[in-house]
Amino acid sequence: TRNGARVLGISKAYGTIATGKVADMVVLSADPSKDIRNTTKIVYVIKGGKLHKRDNAKAQKSNDETPAAQELRNLVRKWDEANVKGDVAALDSLLADEFTFVGGPDKAQYLASIKSRPSDSIIESAVSEDVEVQIYGDTAIVVGLDTIKGKNKGQAFEQKWLYLDVWVKRSGRWQCVKTFSTLKKQ
């Protein structure tokens with residue numbers, strides 16, 4: 001975050017957490033570097049200068065069953081389907097202009113990698129399971145396990161990716177702004 005703000009020339013207002021700077025963040029009750037599932041242990045979300053507190057698991061369960069949560073699950077399913085089909089237009093509509101993978105490609109780079117996928121690299125299925133949705137106003141955290149199966153140069157493969165997406169609702173429409181993913185250890 002710091003380096004990105006420096007490159008963009010906006011480090012006086014963004015890039016680090018300090019008094020007077022703009023920052024959106026998630027406060028967790030457990031260390032996500034120890035276990036990726038700890039990303040679901042959200043205590044607070046600070047978005048747009050507003051603090052949103054997660055009251056308790058029971059309140060969150062009802063939040064997870066709302067129409068907005070179902071809409072977000074459907075968007076995750078559409079992302080999986082677009083990945084299988086190589087549908088760059090569908091992916092483009094799901095991702096905000098500022099989308100990036102944490103420590104990885106930005107939106108343009110990701111879409112270019114889908115467009116240029118070699119013909120001998122085939123994704124046969126992508127299915128997200130154990131999808132949890134936590135909504136904080138116009139911001140949502142979506143966590144799940146994506147199982148991707150296919151063939152690379154004729155060799156079958158199966159990968160399981162744990163992921164955390166941050167979605168933002170703007171002008172009545174949800175778009176993903178940030179994704180963190182890691183291969184699940186077997």
Side-chain angles (χ1 to χ4, degrees), residues 24-45 47 52 54 56-88 90-96 98-107 109-111 113-114 117 121-136 138-152 155-169 174-186:
D24 295 335
M25 67 177 166
V26 178
V27 178
L28 306 173
S29 64
D31 184 353
S33 69
K34 303 288 184 208
D35 185 338
I36 190 67
R37 290 173 294 218
N38 288 340
T39 59
T40 66
K41 298 180 179 177
I42 297 171
V43 179
Y44 300 103
V45 172
K47 175 71 179 152
H52 301 275
R54 182 174 179 182
N56 59 44
K58 185 177 179 183
Q60 186 56 46
K61 181 69 176 165
S62 64
N63 186 15
D64 200 39
E65 297 166 358
T66 65
Q70 289 302 323
E71 180 182 0
L72 286 156
R73 278 194 181 81
N74 286 335
L75 293 172
V76 167
R77 183 182 45 76
K78 287 180 182 179
W79 189 337
D80 283 341
E81 291 170 358
N83 192 16
V84 171
K85 295 175 186 174
D87 188 345
V88 174
L91 291 167
D92 184 51
S93 71
L94 293 169
L95 307 177
E98 71 272 24
F99 171 83
T100 61
F101 281 88
V102 174
D106 64 17
K107 180 179 179 176
Q109 293 165 330
Y110 174 60
L111 295 179
S113 74
I114 300 296
R117 188 182 293 157
S121 180
I122 301 164
I123 296 178
E124 298 169 339
S125 68
V127 178
S128 286
E129 300 174 301
D130 302 326
V131 176
E132 295 179 29
V133 178
Q134 299 167 350
I135 299 172
Y136 303 89
D138 289 335
T139 304
I141 308 296
V142 178
V143 178
L145 174 67
D146 201 9
T147 302
I148 299 174
K149 296 179 183 179
K151 290 185 180 159
N152 188 23
Q155 297 294 316
F157 70 86
E158 177 178 307
Q159 297 175 331
K160 293 183 180 278
W161 292 89
L162 292 165
Y163 65 86
L164 179 143
D165 295 338
V166 179
W167 294 76
V168 175
K169 191 170 192 176
W174 290 102
Q175 286 190 306
C176 187
V177 295
K178 188 74 71 179
T179 291
F180 175 79
S181 61
T182 187
L183 275 171
K184 182 180 179 188
K185 295 177 184 170
Q186 299 301 327

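Side chains included, hydrogens not; waters and symmetry mates left out as well; all remaining heavy atoms used. All residue numbers refer to positions in the sequence shown, counting from 1.
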Heavy-atom side-chain contact between Asn83 and Ile148 under 4.5 Å: yes
Interatomic spacing from CH2 in Trp79 to CG in Asp146 - rounded to 0.5 Å: 9.5 Å
Closest approach of Tyr163 to Leu145 (non-hydrogen atoms, all atoms of both residues): CE2-N, 3.8 Å
NZ on Lys184 to CD on Gln159, rounded to 0.5 Å: 14.0 Å
4.5 Å side-chain heavy-atom contact, Ile141 and Val166: yes
Shortest non-hydrogen separation from Ala126 to Val84 and the atoms involved: N-CG2, 3.5 Å
Interatomic distance, Gln134 atom CD to Thr139 atom OG1 [nearest 0.5 angstrom]: 12.5 Å
Distance in Å, Asp138 CG paired with Trp167 CH2, rounded so as to fall on 0.5 Å steps: 14.5 Å
Main-chain N/O of Gln109 paired with Asp106 side-chain donor or acceptor, under 3.5 Å: yes
Side chain to side chain, Asp87 and Glu81, heavy atoms closer than 4.5 Å: no
Donor-acceptor pair, side chain of Gln175 and main chain of Ser93, under 3.5 angstrom: yes
Enclosure of Lys149 NZ (heavy-atom neighbours >12, cutoff 6.0 Å): no
Heavy-atom pair with the smallest gap, counting every atom of Thr179 and Phe99: OG1-CE1, 3.4 Å
Heavy-atom closest pair, residues Phe157 and Asn152: CD2-N, 3.9 Å
Euclidean distance, Lys85 NZ relative to Ile123 CD1, rounded to 0.5 Å: 13.5 Å
Glu158 atom CD, over 12 foreign heavy atoms within 6.0 Å: yes
Side-chain donor or acceptor of Asp80 paired with backbone N/O of Ser128 under 3.5 Å: yes
Where Ala140 and Ile135 come nearest, the two heavy atoms and their spacing: CB-CG1, 4.1 Å
Short side-chain donor-acceptor distance under 3.5 Å, Lys107 and Thr100: no
Distance in Å, Ile114 CD1 paired with Tyr110 OH, rounded so as to fall on 0.5 Å steps: 4.0 Å
